[in-house]
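Below is one structure, written out as structure tokens, with a few remarks after it.
So you know, we letter chains A, B, ... as the sequences are listed, proteins then strands, and number each from 1.
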Amino acid sequence: MLDIKFIRNNVELVTEALEKRNAKGDIDNFLKLDKSRRELIAKSEQLKKTRNEVSQEIGKLKRAKEDITHLTKEMKEVGQAIKKYDIELKDVEERLNEILLGIPNIPNEDVPVGQSEEDNREVRRWGKVRDFDFQAKAHWDLGEELGILDPKTAAKVTGTRFTFLRGLGARLERALVNFMLDLHTTEHGYKEVFPPYMVHRRSMLGTGQLPKFEEDAFKIQGSEYYMIPTAEVPVTNMYREEILDGEVLPIKHVAYSACFRAEAGSAGRDTRGLIRQHQFNKVELVKFTRPEDSYDELEKLTNSAEEVLKRLGLPYRVVVLCTGDLGFSSAKTYDIEVWMPSYDDYVEISSCSNFEEFQARRADIKYRPAKGEKAIYVHTLNGSGVAVGRTVAAIMENYQLADGSIEIPKVLVPYMGGIERITK
RNA sequence: GGAGAGAUGUCCGAGUUGGUUGAAGGAGCUGGUCUUGAAAACCAGUGAUACCGCAAGGUACCGGGGGUUCGAAUCCCUCUCUCUCCGCCA
């Protein structure tokens, strides 16, 4: 959410930012509502002032046993006028808020301007893409042959876009989760949390998943709860409506969680394999920082996520998303894309964003720079560190051998109980 | 899920015959006196809030929302959360 005053004073800048994002925002209507909001507040508060004064007077007169009926009668009318203004005000504020919640964040200046994914800019590459001297297979074929990926049974039990992991497949998933958590907690200084997988509506609003993207989320029928689409939601909302001590910043959390995404619009793409599932595991990195540090922290966070792929020996590249591809709440995002032989391309495996104060304002997360100073909004950041299912897919494909078996990356062997290969 | 108790300022904690209580008292914090220094004691100050306004100033805020009233922290309704007991369960 942007600051009302900021929009009011920077109409051109905001309009321009919306255009760059191919987004719409009803700025004209916003300005009208903003104006009438302030007028209504002034009127209502003026009347409240007289009401407060006269009511006190009434108290005094009453104790002196004097007649007050003419005053109470008058105040009754004032009371009704106040009520009228307040009802009107509430309506205006609701409409204003609706517009405000629908306006995306303003991209940082150094974000490349562009229409779509095509215009994202590659920042760096790491690792050498392997040249196979045999016909490399897709992970879904390998998985079925090895008996470690079982979407058929999942379809029987639940439905499409779910997968049973079996045997060493399940073990590999678990090993990756532990490897990633260990790396981030022991070497990158993140504090581990394990969050609830369901959150209420207010939390979804806080991080910006709602109200615009209702159909992407799974909602629990008969309750107010949503299945989390990412641990970002519960972890960022941990500090909702709090004023943090400046000394505790930056706060860095790492959280493993399952993630649930309905993504109603995406049917038809990536129908095979682990790339696009309704439920997947992810290790998420979340930071709360001082505004002046947030872009440094974004670089570090991205590096922390990259380190996972480096240690696993998976080739990847980092791209900075252009304005047209940037997520709703983000001011700047790096995607980390891992090399996926079956796609003959890089596939997103992590998305690292600085939301600046966009989420903090929605969720009301502030900090006090120094004792006695006014509290201001923190900057929030997060990124996958990294998506586990896609990592399994990437390992299977990049580490496959000619006989259809899969080598386990060295760093994972201890987490696999010493197992070095997955074979039939 | 059933029965009961509660939610007040940075913290603890008064305040239910509605009015001068933005809120007693204490702690903490800040400054001062005293002291070689510190502690203790004493004195003084202290809404780390939001909104409107150029400002002066004003309004709101005693868990959230709604109601009664000229006026509500105080009365009524409702929701959320916490605690105790019972039930159920991993």
Heavy-atom pair with the smallest gap, counting every atom of A:Arg121 and A:Pro112: NH1-CB, 3.9 Å

Donor-acceptor pair under 3.5 Å, A:Lys62 side chain vs B:G19 base: yes

Given atom [atom1] of [X] and atom [atom2] of [N], what is their separation to the nearest angstrom?
X	N	atom1	atom2	result
A:Lys48	B:C61	NZ	C1'	11 Å
A:Asn52	B:G22	CG	C1'	13 Å
A:Ile58	B:U20	CD1	P	13 Å
A:Asp364	B:C61	CG	C1'	14 Å
A:Lys73	B:G71	NZ	P	16 Å
A:Glu53	B:G58	CD	C1'	10 Å
A:Glu241	B:U80	CD	P	17 Å
A:Lys60	B:U20	NZ	C1'	7 Å

When you compare the protein's N or O atoms with those of nucleotides 49-53 of chain B, which come within less than 3.5 Å of each other, and at what distance?
{"residue": "B:A50", "atom": "OP1", "partner": "A:Lys366", "partner atom": "NZ", "Å": "2.9"}
{"residue": "B:A50", "atom": "OP2", "partner": "A:Lys374", "partner atom": "NZ", "Å": "3.3"}
{"residue": "B:C51", "atom": "O3'", "partner": "A:Arg37", "partner atom": "NH2", "Å": "3.2"}
{"residue": "B:C52", "atom": "OP1", "partner": "A:Arg37", "partner atom": "NH1", "Å": "3.2"}
{"residue": "B:G53", "atom": "OP1", "partner": "A:Arg38", "partner atom": "NH1", "Å": "2.9"}

Residues in contact with RNA chain B, drawn from residues 75-92 of chain A - heavy-atom cutoff 4.0 Å: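 Correct list: A:Met75, A:Lys76, A:Lys83, A:Lys90.
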
Those residues of residues 192-208 of chain A lying under 4.0 Å from RNA chain B by at least one heavy atom: none

[N] and [M]: how far apart are their [atom1] atoms, nearest whole angstrom?
N	M	atom1	answer
B:C76	B:C85	C1'	28 Å
B:C34	B:G26	P	25 Å
B:C89	B:C12	P	37 Å

Test side chain to side chain donor-acceptor pair (under 3.5 Å) applied to A:Lys287 - qualifying residues, sequence neighbours left out: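 Side chain to side chain donor-acceptor pair (under 3.5 Å) check on A:Lys287 returns A:Glu297.
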
Sequence neighbours excluded, every pair satisfying ring pair (Phe, Tyr, Trp, His ring centres under 6.0 Å) that has a member inside residues 202-234 of chain A: A:Phe213-A:Phe328, A:Phe218-A:His278

Listed once per pair and sorted, the ring pair (Phe, Tyr, Trp, His ring centres under 6.0 Å) pairs that draw on residues 232-263 of chain A, sequence neighbours left out: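 Output for this query lists A:Tyr239-A:His253, A:Tyr239-A:Phe288.
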
Heavy-atom donor-acceptor pair, A:Asp119 side chain to A:Ser116 backbone, under 3.5 Å: yes

Contact list for residues 68-85 of chain A, test side-chain hydrogen bond (donor to acceptor under 3.5 Å, both in side chains), sequence neighbours left out: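 As it turns out, the side-chain hydrogen bond (donor to acceptor under 3.5 Å, both in side chains) pairs with a partner in residues 68-85 of chain A, which skip direct neighbours, are A:Asp67-A:Thr69.
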
Inter- and intrachain pairs under salt bridge (charged side-chain N to carboxylate O under 4.0 Å, His left out), touching residues 86-107 of chain A, at least two apart: A:Arg37-A:Glu93, A:Lys48-A:Asp86, A:Asp91-A:Arg95

Set of salt bridge (charged side-chain N to carboxylate O under 4.0 Å, His left out) partners for A:Lys219, sequence neighbours left out: A:Glu224

Only counting residues at least two apart or in another chain, list the ones meeting side-chain contact (heavy atoms from CB on, under 4.5 Å) with [X].
X	result
A:Glu144	A:Lys152
A:Ile376	A:Pro291, A:Tyr367, A:Pro369
A:Arg171	A:Leu168, A:Arg174, A:Met416

Pair partner, B:G1 [Watson-Crick or wobble, under 3.5 Å]: B:C86

Rounded distance (nearest 0.5 Å) linking atom CG of A:Asn281 with atom CD of A:Glu173: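 So the CG of A:Asn281 and the CD of A:Glu173 are separated by 4.5 Å.
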
